[in-house]
There are 2 protein chains.
Amino acid sequence: MADTSTSNSETPRFRQIVEALREQITNGKLPEHSPLPSERLLAEDHAVSRMTARRALEAVEAEGLVYNIVRQGRFVSPRRLNYNISSMANFVSDARSRGIDLSIELIGSRAIRADRHIAEKLSVPRGTQLQESVRLFKMRDHATFLETELSILERCKGLPGFEELQSRPVCDQRYSPLGESADIVIRLHALNPDEAGKLGMAPHQPAMKQEQLVRDENGVAFCYCLQIWRGELAEFSARSLVIV
Amino acid sequence: MADTSTSNSETPRFRQIVEALREQITNGKLPEHSPLPSERLLAEDHAVSRMTARRALEAVEAEGLVYNIVRQGRFVSPRRLNYNISSMANFVSDARSRGIDLSIELIGSRAIRADRHIAEKLSVPRGTQLQESVRLFKMRDHATFLETELSILERCKGLPGFEELQSRPVCDQRYSPLGESADIVIRLHALNPDEAGKLGMAPHQPAMKQEQLVRDENGVAFCYCLQIWRGELAEFSARSLVIV
DNA sequence: CGATTTTTCTGGTATATACCAACTCAACTG
DNA sequence: CAGTTGAGTTGGTATATACCAGAAAAATCG
């Protein structure tokens with residue numbers, strides 16, 4: 001029986017396997033979307049147990065180099081999708097002009113009433129009528145992020161093309177007549193089962209959350225937008241003034 | 001022997017334990033920095049194996065509710081530290097004015113020469129002399145993020161107080177004479193062993209990476225700054241113009 | 001040849017066990 | 001009483017095994 005401890009090698013075995021996998025991916029031996037060896041095969045190749053091989057695969061997954069389709073296998077992640085928060089309104093056209101095959105799928109759209117949480121964010125009374133739209137953004141049919149938009153119906157229904165444009169992304173010119181500024185918050189987020197399902201991931205996986213509170217020229221909020229990004233695909237950029 | 005499969009319950013056992021833990025934390029039964037039950041104890045409490053209890057603890061850890069000190073235990077995370085990228089220069093004073101006990105430890109400071117990677121970022125020839133400063137930011141002695149600052153020596157050594165201020169954070173007024181704007185990139189990042197050690201975490205844990213490229217009034221970059229944040233403590237905010 | 005069934009593959013969950021390294025704290029020693 | 005020792009704790013790594021559910025490919029059937 002092999003040594004089950006870590007005494008004779010300073011770096012754990014699973015991390016050695018991680019190194020080997022990372023090498024193959026960054027060197028381009030494994031191109032985007034190509035399959036990695038399965039847990040069982042990798043275990044055999046490196047003469048370790050399946051659980052150890054699995055830990056290695058989970059680690060490269062956590063690094064963002066690899067994504068996972070539940071009972072299908074693990075694949076090399078595509079490049080990240082940049083979201084420039086200094087130029088939100090042009091996100092979709094910017095991405096497409098860079099040659100990215102970005103598609104948007106409308107998952108749901110309905111009228112709801114504000115609960116306590118969202119009412120507080122938008123500074124409206126509880127029960128205020130809101131329009132909720134949920135969209136899935138994909139790169140080359142690969143789910144990238146989920147967007148939930150909640151806008152105050154009373155404020156937005158007069159906007160040109162509001163009704164028919166539910167399938168378009170938030171803030172993509174649509175709000176030009178109203179939109180002025182947005183408060184943005186970005187943080188790490190662990191996927192809940194619902195989000196995970198829509199993004200084709202496992203729950204508890206690390207992801208990125210972006211919240212946007214869009215205000216009109218008077219500073220009054222009229223739209224709250226929540227984005228949940230696959231962590232390995234998210235990249236937020238901005239240009240900031242150092243001196244205020 | 002208990003049922004080892006998941007057939008009779010739709011939600012896995014470890015996720016049920018996650019729910020229970022999350023409940024205790026968010027309800028305030030477990031205050032900040034208080035210890036969670038150990039893996040072995042939790043396993044006994046819920047009548048599962050240690051590995052299952054461990055997975056539950058790793059999940060709440062991934063959610064950011066809990067942090068881990070390697071051979072000591074797991075503890076409830078403190079609140080996040082906000083970093084306003086629209087007001088970088090005032091980060092430290094802003095935080096302190098909100099009553100946060102923020103301290104900065106200078107881990108290293110030395111002159112180095114630009115390698116290919118950093119030379120490209122700063123648009124300088126390889127081998128250019130740079131000043132590297134590494135700082136650890138702590139909240140109440142709790143490591144929060146790691147900052148590596150690389151500034152072009154030639155450009156910065158004339159600045160008032162450059163030498164003695166190595167222990168102060170980047171962009172904290174210090175660069176006022178030069179600083180004008182910064183290009184910022186934020187993404188998910190898995191800790192490498194070095195970063196993990198300095199932050200008191202395990203490698204491969206999800207973290208946040210912020211890169212800043214600081215430019216002078218002519219748009220010429222003179223400082224590159226890399227921040228590695230504990231994922232559960234990072235919160236980036238900004239105010240953005242929707243219409244450009 | 002097309003439709004259906006079966007087998008094989010995938011990752012997901014779960015257990016029981018084992019040893020290691022580092023930390024804590026109480027007991028002991030000088 | 002300060003310093004050391006040692007037992008007990010903690011998480012980290014690793015194995016071997018087992019069954020499940022779903023996807024895909026192969027074999028079979030009509």
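The chains referred to below are lettered A, B, ... by the order of the sequence lines, with proteins before strands, and numbering in each begins at 1.
Atom pair A/His204:NE2 and C/dT13:P shows a separation of 9 Å (rounding to whole Å applied). Rounded to whole Å, the distance from CZ on A/Arg50 to C1' on D/dT15 is 13 Å. One interatomic measurement links the two molecules: CE of B/Met51 to C1' of D/dT17, which rounds to 14 Å at whole-angstrom precision. In this structure, CZ of B/Arg40 is placed 12 Å from C1' of C/dT17, rounded to the nearest angstrom. Atom CZ in A/Arg13 sits about 14 Å away from atom C1' in C/dA18, given to the nearest Å. Rounded to an integer number of Å, the gap from B/Arg54 CZ to D/dT13 P is 7 Å. One atom, CG of B/Leu57, and another, P of D/dG12, lie 10 Å apart when rounded to the nearest Å. Rounded to whole angstrom, the span from the CD atom of A/Glu44 across to the C1' atom of D/dT17 amounts to 16 Å.
Residue A/Glu19 forms a side chain to side chain donor-acceptor pair (under 3.5 Å) with just one option from A/Arg22, A/Arg15, A/Gln16, and that option is A/Arg22.
Heavy-atom nearest nucleotides on DNA chain C were determined for A/Glu39 and for B/Thr52, and the one closer to the 5' end corresponds to A/Glu39.
Scanning for side chain to side chain contact (heavy atoms under 4.5 Å, CB included) contacts around B/Arg140 gives B/His33, B/Asp101, with sequence neighbours left out.
No N or O donor and acceptor, one from the side chain of B/Arg71 and one from the base of D/dG12, sit under 3.5 Å apart. Side-chain N/O atoms of A/Arg15 and base N/O atoms of D/dG12 include no donor-acceptor pair closer than 3.5 Å.
Backbone-only contact: B/Arg74 has heavy atoms under 4.0 Å from sugar-phosphate atoms and none from a base.
Using a 4.0 Å cut-off between charged nitrogen and carboxylate oxygen, A/Arg116 and A/Glu120 do not count as a salt-bridge pair. Electrostatic pairing of B/Arg55 and B/Glu58 does not count as a salt bridge here, judged by no charged N lying under 4.0 Å from a carboxylate O. Using a 4.0 Å cut-off between a side-chain N of Lys or Arg and a carboxylate O of Asp or Glu, B/Asp194 and B/Lys198 qualify as a salt bridge.
Not one side-chain nitrogen or oxygen of A/Ser49 sits closer than 4.0 Å to the OP1 or OP2 atom of D/dA14. Within the structure, every side-chain polar atom (N or O) of B/Gln72 is placed at least 4.0 Å from both OP1 and OP2 of D/dT9. For the pair A/Ser38 and C/dT10, the criterion of a side-chain N or O lying under 4.0 Å from OP1 or OP2 is met. Note on B/Asn68: every side-chain N or O is 4.0 Å or more away from OP1 and OP2 of D/dT10.
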